[in-house]
Amino acid sequence: MSHSDPKPSRTGRPRSTAADAAILEATRASLVDLGWSKLTMGDVATRAGVAKTTLYRRWAGKNELVVDAVAVLFDELELPDRGSLSADVQGVVLQFAALLDRPETRTALMAVVAESTRDDLLRARIRSAIVDRQKRLVVLGRERAQARGELSYENDAASAARNADLIFDVIAGAVVHRTLVSAEPVDAEWAGSFTSLLLLGLAGAQTW
């Protein structure tokens, strides 16, 4: 008598993408309405229409939940291929500024950054879930510019990584400061001036 192979046992229900999206959206809405200090996992669960246990199966606590709620917004960023490094940088700068102009992004980002000054684990999660993931835009922009002959190739991988970090910090820092600290608009004129200054520095230092 032959025996068929046993079917693999199921360890639980598959995670619902729709539920995740509803929870993250509810988290951002709660931050806008309540602020960091008053936001609770229970409030988010009620807004999302899920049980509180559902949240805790996915996130250990409020810190992790809020960071992921912010991270998915930044994952919307794309580097447009406009045919030149200058045009590409201007495109992503304007896109980034438009994202920061949304109340849900602005409130959530400022909340987690402020809280991270007192929480090293939260700061590390912000770095891995948001900052490190978005450095992909710098790497892609450099690869495109190198393929076009606008930038030279780098042979030292460690140096290339450091330079990518620096460029990311310059772009992100300038746009965040302009929009969230100075409360000034990032329009096409500003984006163009900023890009010209950035590329002038790159041309002089040959750091990309």
Side-chain angles (χ1 to χ4, degrees), residues 15-17 19-77 92-139 158 161-186 190 194 198:
R15 185 160 172 166
S16 168
T17 302
D20 284 357
I23 291 167
L24 296 177
E25 183 177 355
T27 302
R28 295 189 295 269
S30 293
L31 275 170
V32 172
D33 293 344
L34 304 174
W36 177 277
S37 62
K38 294 182 179 179
L39 182 146
T40 66
M41 298 290 272
D43 178 73
V44 172
T46 299
R47 287 173 183 255
V50 300
K52 191 158 64 172
T53 53
T54 301
L55 268 67
Y56 282 109
R57 281 199 298 268
R58 291 160 163 77
W59 293 278
K62 183 169 75 172
N63 287 2
E64 293 82 0
L65 175 60
V66 173
V67 171
D68 283 2
V70 178
V72 296
L73 294 178
F74 282 91
D75 285 342
E76 296 175 10
L77 291 173
V92 79
V93 163
L94 291 172
Q95 191 183 149
F96 183 30
L99 179 62
L100 292 177
D101 197 45
R102 289 160 54 177
E104 59 179 358
T105 311
R106 182 170 59 249
T107 302
L109 180 62
M110 293 185 77
V112 295
V113 170
E115 190 66 20
S116 72
T117 62
R118 300 183 291 272
D119 188 329
D120 290 341
L121 290 178
L122 177 57
R123 188 182 301 118
R125 188 173 180 87
I126 292 171
R127 185 166 54 246
S128 63
I130 300 175
V131 175
D132 289 345
R133 286 210 316 236
Q134 297 314 314
K135 287 178 183 176
R136 62 186 170 82
L137 301 174
V138 174
V139 174
R162 288 194 300 270
N163 292 334
D165 287 349
L166 176 60
I167 296 304
F168 178 87
D169 289 345
V170 169
I171 295 174
V175 177
V176 168
H177 188 278
R178 176 80 175 175
T179 57
L180 301 186
V181 179
S182 298
E184 296 289 343
V186 173
W190 187 90
F194 169 74
L198 176 67

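Contact record, S116 with I126: CB-CD1, 3.7 Å, taken as the closest heavy-atom pair. Residue D20 comes nearest to R58 through the heavy atom pair OD1-NE, 2.5 Å, listed as atom of the first residue, atom of the second, then distance. Scanning all heavy atoms of the two residues, the minimum distance from K135 to D165 falls at NZ-OD1, 2.8 Å.
Salt bridge status for D33 with K38: absent, with no side-chain N to carboxylate O gap under 4.0 Å. By the 4.0 Å N-to-carboxylate-O rule, D119 lies too far from R123 to be salt-bridged with it. Salt bridge status for R102 with E76: present, with a side-chain N to carboxylate O gap under 4.0 Å.
Judged by distance alone, with hydrogens and angles left aside, the side-chain atoms of T179 form no donor-acceptor pair with the main-chain N or O of A97 at under 3.5 Å. Side-chain atoms of S128 come within 3.5 Å of backbone atoms of R125 as a donor-acceptor pair (strictly under, hydrogens ignored). Side chain of K52 to backbone of M41: no donor-acceptor contact under 3.5 angstrom is found. Panel note: side chain R28, backbone A108; no donor-acceptor pair is recorded below 3.5 Å. At distances below 3.5 Å, not a single donor-acceptor pair connects side-chain atoms of E25 with backbone N or O atoms of A22.
Considering only heavy atoms from C-beta on, I23 comes within 4.5 Å of W59 through its side chain. L109 has its side chain within reach of L180: a pair of non-hydrogen atoms, C-beta onward, lies under 4.5 Å apart. Residues L31 and E104 have side chains not in contact (no heavy-atom distance under 4.5 Å, counting atoms from C-beta outward). Inter-residue side-chain proximity for L121 and N63 is flagged as unmet; no heavy-atom pair is nearer than 4.5 Å. Using a 4.5 Å heavy-atom cutoff, the side chains of L24 and V70 are not in contact. In this structure the side chain of L137 never reaches within 4.5 angstrom of the side chain of F168, judged on heavy atoms.
Take D101 and apply the side-chain hydrogen bond (donor to acceptor under 3.5 Å, both in side chains) test, not counting sequence neighbours, and it matches no residue. Partners of D132 under the side-chain hydrogen bond (donor to acceptor under 3.5 Å, both in side chains) rule, at least two apart in sequence or in another chain, do not exist in this structure. With sequence neighbours excluded, no residue forms a salt bridge (Lys or Arg N to Asp or Glu O under 4.0 Å) with D169. Under the ring-ring contact (aromatic ring centres under 6.0 Å, His included) criterion, W36 pairs with no residue at all, not counting sequence neighbours. With sequence neighbours left out, the side-chain hydrogen bond (donor to acceptor under 3.5 Å, both in side chains) criterion links T27 to no other residue.
With rounding to the nearest 0.5 angstrom, the CG atom of L166 is 10.0 Å from the CD1 atom of I171. Here the CG-CG distance, from L94 to L99, works out to 12.5 Å after rounding to the nearest 0.5 Å. For the atom pair CZ of R178 and CZ of F194, the computed distance is 11.5 Å after rounding to the nearest 0.5 Å. Atom CZ of R133 is separated from atom CG of D75 by 4.0 Å, given to the nearest 0.5 angstrom.
Pairs of residues two or more places apart, or lying in two chains, that qualify as ring-ring contact (aromatic ring centres under 6.0 Å, His included) and include a residue from residues 93-121 are F74-F96.
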